[in-house]
Number of protein chains: 2
Amino acid sequence: MSVQTQNAAGNCSDCPIRHRAVCAHCEKPELNELESIKYYRNFEAGQSIIWSGDKMGFVGSVVSGIASLTQTMEDGRTQMVGLLLPSDFVGRPGREGSPYDVTATTDVVMCCFRKKPFEEMMARTPHIAHRLLEMTLDELDAAREWMLVLGRKTAREKIASLLSIIARRDASLSSGGPVGTLVFDLPLTREAMADYLGLTLETVSRQMSALKKDGVIQLEGKRHVTIPDMGRLMEEAGDDTDGGMLG
Amino acid sequence: MSVQTQNAAGNCSDCPIRHRAVCAHCEKPELNELESIKYYRNFEAGQSIIWSGDKMGFVGSVVSGIASLTQTMEDGRTQMVGLLLPSDFVGRPGREGSPYDVTATTDVVMCCFRKKPFEEMMARTPHIAHRLLEMTLDELDAAREWMLVLGRKTAREKIASLLSIIARRDASLSSGGPVGTLVFDLPLTREAMADYLGLTLETVSRQMSALKKDGVIQLEGKRHVTIPDMGRLMEEAGDDTDGGMLG
DNA sequence: CGGAGGGTTGATCATCCTCAATCGACGTGG
DNA sequence: CCACGTCGATTGAGGATGATCAACCCTCCG
């Protein structure tokens, strides 16, 4: 795995997540100050970024790749409680440790700030605190959406919900195109999907096969997914499309 | 139900949630400004505070009573996604509408601020924005804790988890005493517990009976609960007490 | 007295979990 | 080059947990 720091003396203005991350509202002088306290770090797929309970010396943003937040019980049952995509923030200013494990699901590049200087800067810079509040509210919405999935949806609906979330995110990143055929690669193993959805990996596998058999999705290999009809998928997810979104 | 405004010309310095609510860090001049834009509102048990999708004209704090956030699917399945206790904040500055229904579970008194003036004041008052960020991070932690409960715990563990949360909250409010016999009244119906836990009300009832038969809890009537051994309850919840907390 | 709301309990059934065998792709070492 | 082990995934058989449907209880209140 290339351990190159792809943006080593990285210039914030070239940053791919510049306008979505915690620094989104910052102006040039603020960006300059952030640049002076930031550094990049690479994590390989599977590697732990933070252990639950550890003191965190840094906070930062995911620049590329995917990381996950998970909680684990003593007997080994685990539940994923968050999926961190590029521009998502890691760490909580004002808190000592992390209550969850943070793990790199794919190779990950992070833009890190030492915690103390970042907190001090945040206290002086309402832009940053405000953006962080916005992002935290978004995460809260996502978590609560997920509580409905975990608590009330069937296995089939859970799978369809996860696929539709990933599909929509990919659509917004790439084409931005409207409702047509969507194609993407699953960034998660069956086991990670199970941990996300509160299922076993066998059930995930069975429901993926069932959705494929019923023509809701097409699979090439294990990861490459084609969605011929997004509306159909959303019906399967139980998220109704307001009754059919005529174009 | 008495519709008296128990604090009508309410003085913030007498407020029971003064040091825990969004105004916790405010000094006298700020409190004075808040007083000038606040008003109290009463809701009866069962009454809706905000409907999902509605525009919110106000934000505010729960002063007394309990409210719940719920999401509902088209076919009627519902999941509670938050429980609002005294001092908890309702509404999201910067957002138009609420993504969930907010309902009074018991009679509720709210301290409301009109949204616009509150937002303007927040922009000028870092104390408030900072406190709101803290509170939002706490809510996020609670939501994620709950995702583990919903996704991975058995019915019995779910009930025990809910009881232990309510018990601990009550303990922190009243005695603050350590591990002894805890007594409290359930603020939720069996149906509300079921909506919280992603169960049916029959399963809730059965598991309550089972925990009673096994001596984990004692019941007087349907709502009055005694916990003879908090450690035992937490074992049942799967939240291990670090391995047995010897005194 | 009768009805409504909340709660309990029982019988049965579906869903999803558990345990287990098997498969295919890939990489390593003989 | 092929045998082997590993890892992720699929599929099957059987069983447990919790949902569903239904009867019934208790208390409050008009």
Side-chain angles (χ1 to χ4, degrees), chain A residues 1 44-47 68 73 75-79 105-106 149-163 185-214 217-225 236 238, chain B residues 1 44-47 73 75-79 103 105-106 149-163 185-214 217-225 236 238:
Chain A
M1 200 46 47
E44 294 181 20
Q47 202 178 345
S68 60
M73 295 171 65
D75 62 5
R77 282 176 281 177
T78 74
Q79 175 66 50
T105 295
T106 63
V149 173
L150 289 172
R152 293 299 184 191
K153 292 196 178 178
T154 65
R156 184 181 176 102
E157 289 170 332
K158 286 181 176 182
I159 299 288
S161 297
L162 177 56
L163 291 175
D185 285 297
L186 273 177
L188 303 175
T189 65
R190 297 290 186 266
E191 187 178 18
M193 293 172 68
D195 282 345
Y196 207 132
L197 296 169
L199 297 170
T200 59
L201 67 89
E202 293 96 328
T203 298
V204 170
S205 187
R206 275 185 249 275
Q207 297 299 335
M208 290 288 289
S209 300
L211 289 174
K212 175 181 172 186
K213 184 164 68 65
D214 296 346
I217 62 174
Q218 291 155 22
L219 286 175
E220 277 172 81
K222 285 100 172 41
R223 299 294 194 90
H224 194 75
V225 180
E236 293 284 355
Chain B
M1 201 43 51
E44 293 180 22
Q47 203 178 345
M73 295 172 65
D75 61 7
R77 281 176 280 177
T78 75
Q79 175 66 50
T103 310
T105 295
T106 63
V149 173
L150 289 172
R152 292 299 184 192
K153 292 196 179 179
T154 65
R156 184 181 175 100
E157 289 170 332
K158 285 181 177 182
I159 299 288
S161 297
L162 177 55
L163 291 175
D185 284 296
L186 273 177
L188 303 175
T189 65
R190 298 290 186 264
E191 187 177 19
M193 293 172 69
D195 282 345
Y196 207 133
L197 297 169
L199 296 171
T200 59
L201 66 89
E202 293 96 329
T203 298
V204 170
S205 187
R206 275 185 248 276
Q207 297 298 335
M208 289 288 289
S209 300
L211 288 174
K212 176 182 170 185
K213 183 164 68 63
D214 296 346
I217 62 174
Q218 290 154 23
L219 286 175
E220 275 172 82
K222 285 98 171 44
R223 300 294 194 88
H224 194 76
V225 181
E236 293 284 354

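Please read all numbers here as calculations on a predicted model, not as lab measurements. Residue numbers start from 1 in every chain, and the chains themselves are labelled A, B, ... in the order their sequence lines are given, proteins ahead of strands.
- At a threshold of 4.0 angstrom between heavy atoms, the contacts of A:Gly198 are confined to the sugar-phosphate backbone, with no base atom among them.
- Straight-line distance from the CD atom of B:Glu157 to the P atom of D:dT17: 11 Å, rounded to whole Å.
- Look at B:Arg223 and you'll find a side-chain N or O under 4.0 angstrom from OP1 or OP2 of C:dG7.
- Contact annotation: the side chain of A:Arg152 never approaches that of A:Glu157 to less than 4.5 Å [non-hydrogen atoms, C-beta and beyond].
- Between the side chain of B:Arg77 and the base of D:dT20 there is no donor-acceptor pair of N/O atoms closer than 3.5 Å.
- Remark: P of D:dA22 and CG of B:Leu201 are 15 Å apart, rounded to the nearest angstrom.
- Rounded to an integer number of Å, the gap from B:Leu219 CG to C:dT8 C1' is 12 Å.
- For the atom pair CZ of A:Arg206 and OG1 of A:Thr200, the computed distance is 7.0 Å after rounding to the nearest 0.5 Å.
- Of the side-chain N and O atoms in B:Ser205, none sit less than 4.0 angstrom from OP1 or OP2 of C:dG7.
- Counting heavy-atom neighbours within 6.0 Å of B:Glu202 CD, excluding the residue itself, gives a total above 12.
- The side chain of B:Ser209 places an N or O atom within less than 4.0 Å of a non-bridging phosphate oxygen (OP1 or OP2) of C:dT9.
- In this entry the distance linking CZ of A:Arg206 with P of C:dA14 reads 18 Å, nearest Å.
- A:Gln207 CD to A:Asp214 CG: the interatomic distance, rounded to the nearest 0.5 Å, is 9.5 Å.
- Checking the phosphate oxygens (OP1, OP2) of D:dG18, no side-chain nitrogen or oxygen of B:Thr203 falls inside 4.0 Å.
- OP1 and OP2 of D:dG8 both lie 4.0 Å or more from every side-chain N or O belonging to A:Thr189.
- Atom-to-atom, CG of B:Leu199 to P of D:dT20 comes out at 11 Å; the value is rounded to the nearest Å.
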Test side chain to side chain contact (heavy atoms under 4.5 Å, CB included) applied to A:Leu150 and B:Val149, step by step: CA-CA 9 Å; A:Leu150 289 172; B:Val149 173; over 6 Å; no
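- For A:Glu202 and C:dC16, a side-chain-to-base donor-acceptor distance below 3.5 Å is absent, hydrogens and geometry of angles not being considered.
- Nucleotide D:dT10 holds its P atom 10 Å from the CG atom of A:Leu186, rounded to whole Å.
- When the C1' atom of D:dT10 is taken as reference, atom NZ of A:Lys213 falls 15 Å away, rounded to whole Å.
- Put simply, CD on B:Glu191 is 9 Å from P on C:dG7, counting in whole angstrom units.
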